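Before any comments, here is the structure.
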Amino acid sequence: MNARVALQLTGIERHYGQGETLLTILKGADFTLRSGETVALVAPSGTGKSTLLHIAGLLEKPDAGEVLVNGHPCAGLGDDERTAIRRGEIGFVYQFHHLLPEFSALENIMMPQLIAGLSRAEAEERAAQLLDYMRIGHRGSHRPAELSGGEQQRVAIARAVANAPLVLLADEPTGNLDPETAGYVFEALEALARQSGLAALIATHNHELARLMDRRVTLEDGSIRELP
Ligand code: ADP
Ligand code: MG
């Protein structure tokens with residue numbers, strides 16, 4: 001595949017604790033993610049999936065190694081620059097949706113666009129389009145509490161990609177959904193990546209859903225290994 005490299009991790013190290021109780025979570029992790037590519041990160045609990053995603057998403061700094069977003073080295077940047085790159089290039093989805101409860105689905109997806117300076121009309125048009133992509137166009141006026149778990153997560157994904165980031169990072173986004181609903185969410189995500197050239201790295205425990213992605217990787221002894 002010759003698509004451009006959206007995200008690259010090289011020699012990532014991350015340790016927790018101090019002195020004698022030093023815990024090494026990542027030990028020279030290398031990873032490359034290209035535009036339009038979907039990759040599942042499948043590894044047991046406690047192996048460092050969230051840590052890796054937080055480092056890739058510029059939410060946390062590695063102890064060593066480099067994070068390149070669109071070819072731009074980010075590990076050494078200050079907090080303000082990292083935040084600016086994160087806002088422009090990266091979307092993040094958590095296991096729980098974190099939608100704003102007092103706003104509708106449509107408004108939740110408009111919010112990051114309004115913050116980025118788009119007009120209400122532009123933001124609303126894009127939000128409606130994303131809801132359609134996620135096949136929940138008819139749910140736009142509902143508040144999160146009125147949506148099912150699968151619908152909430154699809155809104156959360158739509159919000160994460162509202163400003164057309166280069167990279168989507170998702171940390172067990174279907175971890176609290178039933179298998180059928182989780183399947184819909186994965187399919188929607190996959191379709192979105194194909195249509196928009198989005199690069200996606202998705203942590204999951206579900207091997208069956210991981211099969212829907214282009215590639216699968218795992219974390220072993222602090223480094224990333226390709227799975228068949
Ligand atoms: P996963 O997402 O694969 O379950 P995590 O990245 O959350 O794994 O955690 C990996 C390991 O790092 C776990 O043993 C966890 O307890 C430890 N860990 C995570 N965050 C911290 C922290 N802030 N301080 C100390 N240990 C941590
Ligand atoms: Mg985790």
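Quick caveat, the model's predicted, so the values are computed rather than measured. Both counts, for ligands and for their atoms, begin at 1 and track the order of listing.
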Close-contact set for ligand 1 against Lys49 heavy atoms, below 4.0 Å: 1 (P), 2 (O), 3 (O), 4 (O), 6 (O), 8 (O)
By number and element, which atoms of ligand 1 are closer than 4.0 Å to a non-hydrogen atom of Pro44? 3 (O)
Side-chain heavy atoms of Asn70 within contact of Arg4, under 4.5 Å: yes
In sequence, state the C-alpha distance, the side-chain angles, and the governing distance for Glu190 and Arg194, and then conclude on salt bridge (Lys or Arg N to Asp or Glu O under 4.0 Å). CA-CA 6 Å; Glu190 168 82 347; Arg194 288 218 186 293; 2.7 Å; yes
With only distance considered, is Ile25 within less than 3.5 Å of ligand 1 through an N or O on each side? no
Tell me, please, if Ser50 has any N/O/S atom, main chain or side chain, under 2.8 Å from the Mg ion (ligand 2)? yes
Over 60° means perpendicular and under 30° means parallel, so classify the ring planes of Tyr94 and His98, tilted if in between. perpendicular
Audit row: Glu180, Tyr184, side-chain hydrogen bond (donor to acceptor under 3.5 Å, both in side chains) steps and yes/no: CA-CA 7 Å; Glu180 194 185 343; Tyr184 289 138; 3.2 Å; yes
If we ignore hydrogens and angles and just use 3.5 Å, is the side chain of Asn206 paired with the main-chain N or O of Glu208 as donor and acceptor? yes
Nearest heavy atom to atom 14 (O) of ligand 1, choosing from Ala43, Ser45, Ala203, Gly46, belongs to Gly46
Strictly less than 4.0 Å: does any protein heavy-atom distance to atom 4 (O) of ligand 1 fall in that range? yes
Which heavy atom of the protein is the closest neighbour of atom 8 (O) of ligand 1, given with residue, atom name and distance? Gly48 N, 3.1 Å
Thr51 neighbourhood, listing ligand 1 atoms whose heavy-atom distance to it stays under 4.0 Å: 5 (P), 6 (O), 9 (O)
Considering only non-hydrogen protein atoms, determine which one is nearest to atom 7 (O) of ligand 1 and report residue, atom name and distance to 0.1 Å. Ser50 CB, 3.6 Å
Checking a contact table here: which protein heavy atom is nearest atom 19 (C) of ligand 1, and how many Å away? Tyr16 CE1, 3.4 Å
Please identify which of these residues, Lys49, Arg225, Lys27, meets the salt bridge (charged side-chain N to carboxylate O under 4.0 Å, His left out) condition with Glu220. Arg225
Using the side-chain contact (heavy atoms from CB on, under 4.5 Å) rule, take Glu89 and Val167 through it: C-alpha gap first, then chi angles, then the decisive distance, then the call. CA-CA 6 Å; Glu89 309 280 26; Val167 179; 5.9 Å; no
